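Predicted, not measured: the structure shown is a model, and the values here were computed from it.
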Amino acid sequence: MRALRTAAGVEFASLLVLLVNLATVHWPAVSSLTGPTHGCAYLLVIVQVMRTPGTNGRTKLYALLPGVGGLLALRQYGRRQSATAEPHVAERR
């Protein structure tokens with residue numbers, strides 16, 4: 001899960017850098033460095049989500065969204081973990 005968090009953060013940050021560069025100065029050096037970084041992080045997010053056991057279809061579809069897919073997949077994992085943790089808390093009381 002740690003690798004997915006890192007890849008999702010890099011994916012989102014690199015997309016922001018690409019968009020800001022495109023909207024402002026459009027330096028080719030920034031694009032040539034950040035573009036492959038974004039692509040690798042995007043692919044890493046997809047691989048991590050697809051290889052995680054018990055991942056549902058919605059989370060897999062979220063992972064395919066460029067830029068924000070990793071963050072949305074992490075959010076789904078957080079919801080699943082909190083939903084499974086709540087019944088255990090009730091049992092302890």
- Item | Atom of Val30, atom of Val17 and distance for their closest heavy-atom approach | CG1-CG1, 3.9 Å
- Item | N/O donor-acceptor pair under 3.5 Å between His38 side chain and Glu11 backbone | yes
- Would a distance-only check, ignoring hydrogens and angles, find a side-chain to backbone donor-acceptor pair under 3.5 Å from Thr55 to Arg51? no
- Any donor and acceptor pair, going by atom type alone, linking the side chain of Thr52 with main-chain N or O of Gln48 inside 3.5 Å? yes
- Message: Distance check, rounded to the nearest 0.5 Å: Leu33 atom CG versus Leu18 atom CG?
- Response: 9.5 Å
- Query: More than 12 foreign heavy atoms under 6.0 Å from CZ of Arg58: is that the case here?
  - Reply: no
- Shortest non-hydrogen contact from Ala7 to Ala41? O-CB, 3.7 Å
- Take Tyr42 and Leu15 through the test side chain to side chain contact (heavy atoms under 4.5 Å, CB included) and record every step on the way to the result. CA-CA 10 Å; Tyr42 173 62; Leu15 179 66; over 6 Å; no
- Message: Between Asn21 and Ser31, is the side-chain hydrogen bond (donor to acceptor under 3.5 Å, both in side chains) condition met? List the steps.
- Response: CA-CA 7 Å; Asn21 183 47; Ser31 298; 3.0 Å; yes
- Task: Kindly give the heavy-atom pair with the smallest separation between Gly70 and Val45, and that separation in Å.
- Result: CA-CG1, 3.5 Å
- Message: Between Val49 and Val47, is there shared hydrophobic-cluster membership here, with clusters defined by ILVMFWY side-chain heavy atoms closer than 4.5 Å?
- Response: no
- Show your reasoning for whether side chain to side chain contact (heavy atoms under 4.5 Å, CB included) applies to Met50 and Ile46. CA-CA 6 Å; Met50 298 300 174; Ile46 292 171; 4.1 Å; yes
- Message: Rounded at 0.5 Å granularity, tell me how far CG in Leu72 sits from CG in Leu61.
- Response: 11.5 Å
- Do Leu71 and Leu16 belong to the same hydrophobic cluster, where Ile, Leu, Val, Met, Phe, Trp and Tyr are linked whenever their side-chain heavy atoms lie under 4.5 Å apart, directly or via other members? yes
- Task: Answer yes if Leu65 and Phe12 sit in the same cluster of Ile, Leu, Val, Met, Phe, Trp and Tyr residues linked by side chain heavy atoms under 4.5 Å apart, and no otherwise.
- Result: yes
- Message: Show the nearest heavy-atom pair for residues Thr34 and Ser14, with the distance to one decimal.
- Response: CG2-O, 3.4 Å
- Between Asn56 and Arg80, which heavy-atom pair has the shortest distance, and what is it? N-NH1, 4.2 Å
- Query: Transitively linked via ILVMFWY side-chain contacts under 4.5 Å: Leu22 with Val25?
  - Reply: no
- Would you say the side chain of Tyr77 lies within less than 4.5 Å of the side chain of Leu4, judging by non-hydrogen atoms? yes
